[in-house]
S.K.: 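Take this structure first; my questions come after.
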Number of protein chains: 2
Amino acid sequence: MAKYPLIKTTLKERLLGGHYVEGLPLPSEPQLAREFEVSRMTARRAIDELEREGYVYRVQGAGTFPTGKRFRQGMFRVRPFKEWARHPEHRTVVLRAVEVAASPEIAAVLQVQSGDKVAFVHRLRSAGDEPLVIEKRYINAQLAPTLLDHNLAVESVHEVLVGRLGLALTRVEQTLEAVNLRQEEADLLRVPLGTAAFLLRRTTFGGMQRISYVNYWVRGDRYAFQDSFEP
Amino acid sequence: MAKYPLIKTTLKERLLGGHYVEGLPLPSEPQLAREFEVSRMTARRAIDELEREGYVYRVQGAGTFPTGKRFRQGMFRVRPFKEWARHPEHRTVVLRAVEVAASPEIAAVLQVQSGDKVAFVHRLRSAGDEPLVIEKRYINAQLAPTLLDHNLAVESVHEVLVGRLGLALTRVEQTLEAVNLRQEEADLLRVPLGTAAFLLRRTTFGGMQRISYVNYWVRGDRYAFQDSFEP
DNA sequence: GAGTGGTCTAGACCACTCG
DNA sequence: GAGTGGTCTAGACCACTCG
């Protein structure tokens with residue numbers, strides 16, 4: 001078992017618990033190395049990840065500081081598509097739902113062997129006559145062997161995984177990008193080639209296992225994410 | 001001058017130039033270390049960043065592989081601009097900072113009278129030589145009369161409003177859109193017309209008063225918003 | 001079994017911050 | 001000048017892949 005994840009978890013707990021004061025530095029890297037009885041490089045590795053996740057920032061010569069709360073966590077809550085599906089005017093069309101062999105990229109994301117069975121679901125969501133969202137999803141088939149027996153035009157994948165297959169989803173990681181639509185996506189969404197869209201990539205975890213990886217292309221001209229918070 | 005950025009740049013050029021074949025591994029870490037005459041840890045550091053930026057993925061025991069184009073992504077984290085400003089490679093250029101009369105649209109957003117004085121700040125943020133973010137900000141000049149006396153290439157507007165002018169910021173409302181850049185913005189960011197970008201619109205409140213309204217255009221090819229949560 | 005990436009050590013020198 | 005983070009070295013052992 002590696003040492004740096006424990007250091008990272010411990011520091012994260014302290015940061016979230018307010019053990020470190022905003023504006024004041026954390027213990028220095030040599031101090032943390034001594035406390036956790038590791039080399040400085042190993043302590044640094046843990047801090048590297050905390051910095052990348054936005055919990056701390058570093059200033060050479062000055063120290064490592066807690067990041068202000070308002071910026072710490074996801075700025076944008078994305079609404080679950082479960083709500084989407086309930087709206088009477090919203091429709092989902094399943095373009096494809098098959099088992100495929102994992103490409104090396106998908107294997108890396110889901111942490112399975114290249115060539116392992118993966119369930120692939122390709123769907124298009126519309127409001128009224130207007131197509132709005134393309135979904136391409138890959139699910140570890142070993143963890144969800146009967147997923148494709150369900151009617152995915154009506155049921156949400158999340159509902160099937162949790163409600164029917166009894167999987168526990170423990171964590172979600174996602175990134176949001178702004179991209180120009182390529183021909184294939186533009187055609188499906190019936191907009192011009194190159195139209196700006198959101199690309200939301202989401203990985204869903206069950207414990208240490210990666211259950212599902214999904215890409216959503218969301219029309220930029222029809223969708224905006226809203227947020228409000230107290231600083 | 002550090003060594004790993006050169007290794008990273010060189011490998012990135014090779015990857016984008018197609019020197020490495022999809023499906024086949026790159027040279028191993030010890031090989032790359034020998035080629036660049038560095039230790040293995042330094043070669044790893046360069047590869048770490050390429051992996052994080054989505055150019056390669058690694059499989060323990062097998063090797064490091066070029067990522068298929070579909071999954072390549074720019075992974076710049078969004079940071080508070082205070083931290084941004086402290087980074088030695090990050091620069092802010094003030095393109096314009098003047099008092100103007102509020103247009104009807106700005107007057108509506110800030111809830112002042114059309115024609116009232118509004119401070120307008122137009123800035124460009126860059127990392128190294130690369131322009132990344134355009135900012136156009138409007139501040140209620142009655143609430144922040146001396147804002148423009150400060151050096152806004154160095155100080156953050158937030159710091160001036162709160163730290164110098166003693167304003168209390170009580171709420172933030174924001175929306176995030178995906179847009180195609182128009183000529184003016186594309187020129188500033190040095191990308192082609194129509195490139196996809198995030199448009200972040202933010203209104204900052206002090207009690208019932210609206211203090212500041214800002215639009216950020218953020219290059220979609222270099223930025224991603226990250227989030228992780230427990231469902 | 002040879003080779004690969006994953007982790008870790010115990011040092012070292014540097015640029016930078018801060019009182 | 002003391003302390004900090006940034007970078008780098010030359011090793012080491014491990015788990016894993018693959019022919």
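Within every chain, numbering begins at 1; the chains are lettered A, B, ... in the order of the sequence lines, protein sequences first and strands thereafter.
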S.K.: Whole angstrom is fine here: how far is it from OH in B:Y57 over to C1' in D:dC16?
M.R.: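 Going from B:Y57 (OH) to D:dC16 (C1'), I get 16 Å.
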S.K.: For A:R44, report the nucleic acid contact type (base, sugar-phosphate, nothing); a contact means any heavy atom under 4.0 Å.
M.R.: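 It contacts base atoms.
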S.K.: Heavy-atom nearest nucleotide on DNA chain D for B:M41 versus A:P27: which residue maps closer to 5'?
M.R.: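 The residue closer to the strand's 5' end, by nearest nucleotide, is A:P27.
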S.K.: Is there a side-chain contact between B:E49 and B:K12 (heavy atoms, below 4.5 Å)?
M.R.: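 When only atoms from C-beta onward are counted, B:K12 and B:E49 do not touch, as no gap falls below 4.5 Å.
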S.K.: Using a cut-off of under 3.5 Å, enumerate the N/O to N/O pairs linking the protein to nucleotides 17-19 of chain D.
M.R.:
unit_1 : atom_1 : unit_2 : atom_2 : d
D:dT17 : OP1    : A:Q113 : NE2    : 3.3
D:dT17 : O4'    : B:G61  : O      : 3.3

S.K.: Round to a whole Å and report the spacing from CD of A:Q111 to P of D:dA15.
M.R.: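 After rounding, the gap between these two atoms is 18 Å.
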S.K.: Nearest-Å distance, CG (A:L32) to P (C:dC8)?
M.R.: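 Going from A:L32 (CG) to C:dC8 (P), I get 15 Å.
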S.K.: NA contact type, B:R40, heavy-atom cut-off 4.0 Å: base, sugar-phosphate, or nothing?
M.R.: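 Result for B:R40 = base.
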S.K.: In whole Å, I'd like the distance from the CZ atom of B:F36 to the C1' atom of D:dT7.
M.R.: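 For the pair B:F36 CZ and D:dT7 C1', the rounded distance is 17 Å.
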S.K.: Measure from the side chain of A:Q31, starting at C-beta and using heavy atoms only, and say which of C:dA10, D:dT4, D:dG5 lies closest.
M.R.: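 Minimum distance to the A:Q31 side chain belongs to D:dT4.
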S.K.: Is DNA chain C part of any stem, that is, at least 3 consecutive Watson-Crick or G-U pairs with both distances under 3.5 Å, and where?
M.R.: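 Detected stem regions: C:1-18 with D:1-18.
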S.K.: Return the set of residues passing side-chain contact (heavy atoms from CB on, under 4.5 Å) with A:T146 (not counting sequence neighbours), or none when no residue passes.
M.R.: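 Checked A:T146 against side-chain contact (heavy atoms from CB on, under 4.5 Å); matches are A:D149, A:H150, A:L165.
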S.K.: Can you name the closest pair of heavy atoms from A:A107 and A:Q113 and give their distance?
M.R.: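 Closest heavy-atom pair between A:A107 and A:Q113: CB-C, 3.9 Å.
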S.K.: Picking from D:dT7, D:dG5, C:dG5, which would you name as closest to the side chain of B:S28?
M.R.: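 Selected nucleotide: C:dG5.
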S.K.: Looking only at atom types and distance, does a side-chain atom of A:R96 sit under 3.5 Å from a main-chain N or O of A:F120, one as donor and one as acceptor?
M.R.: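 Not at all, since once roles are kept as given, no pair shorter than 3.5 Å links the two residues.
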S.K.: Measure from CD1 on A:I47 to C1' on D:dT4 and round the result to the nearest Å.
M.R.: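 Computing the A:I47:CD1 to D:dT4:C1' distance gives 11 Å.
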S.K.: Grab the two heavy atoms, one from B:Y20 and one from B:P66, that are nearest each other, plus how far apart they are.
M.R.: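 For B:Y20 and B:P66, the tightest heavy-atom pair comes out as CB-CG, 4.0 Å.
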S.K.: How far apart are the closest heavy atoms of A:L147 and A:A119, and which atoms are they?
M.R.: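 In this case the closest contact between A:L147 and A:A119 is CD2-CB, 4.3 Å.
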S.K.: With respect to the phosphate group of D:dC8, does any side-chain polar atom (N or O) of B:Y4 fall under 4.0 Å of OP1 or OP2?
M.R.: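 So the side-chain polar atoms of B:Y4 never come under 4.0 Å of the phosphate oxygens OP1 or OP2 of D:dC8.
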S.K.: How far apart are the closest heavy atoms of A:A102 and A:V118, and which atoms are they?
M.R.: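 That would be CB-CG2, 3.6 Å.
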S.K.: Which of these nucleotides, C:dG5, C:dC8, D:dT7, is closest to any side-chain atom of A:T42?
M.R.: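 Closest of the options to the side chain of A:T42: C:dC8.
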S.K.: In whole angstrom, what separates A:R34's CZ from D:dG3's P?
M.R.: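 My rounded result for the distance is 10 Å.
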S.K.: Would you call the rings of B:F65 and B:Y57 parallel, tilted or perpendicular if under 30° counts as parallel and over 60° as perpendicular?
M.R.: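 Taking B:Y57 first and then B:F65, their aromatic rings lie parallel (interplane angle under 30°).
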S.K.: Mapping A:S39 and B:E29 onto DNA chain C by nearest heavy atom, which one lands closer to the 5' end?
M.R.: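 Per heavy-atom nearest nucleotide, the more 5' residue is B:E29.
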S.K.: Taking CD from B:E37 and P from D:dT9, how many angstroms apart are they, rounded to a whole number?
M.R.: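 About 10 Å, once rounded to whole Å.
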S.K.: Report the C-alpha separation of A:R14 and A:E35 in whole Å, then their side-chain angles, then the decisive distance to 0.1 Å, and conclude whether the salt bridge (Lys or Arg N to Asp or Glu O under 4.0 Å) test is met.
M.R.: CA-CA 14 Å; A:R14 292 184 189 169; A:E35 176 188 342; 2.5 Å; yes
S.K.: Hey, does the side chain of B:R45 come within less than 4.0 Å of D:dT7's phosphate (OP1/OP2), counting only N and O?
M.R.: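 Yes, within the criterion.
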S.K.: So which nucleotide from C:dT7, D:dT7, C:dG6 ends up closest to the side chain of B:R58?
M.R.: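 Among the listed nucleotides, the one closest to the side chain of B:R58 is C:dG6.
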S.K.: Specify the separation, in whole Å, of atom NZ of B:K3 and atom C1' of D:dG6.
M.R.: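 Value for this atom pair: 14 Å.
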S.K.: Determine, for B:R137 against B:E135, whether the closest basic-nitrogen to carboxylate-oxygen distance falls under 4.0 angstrom.
M.R.: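 Answer for the salt bridge query: yes.
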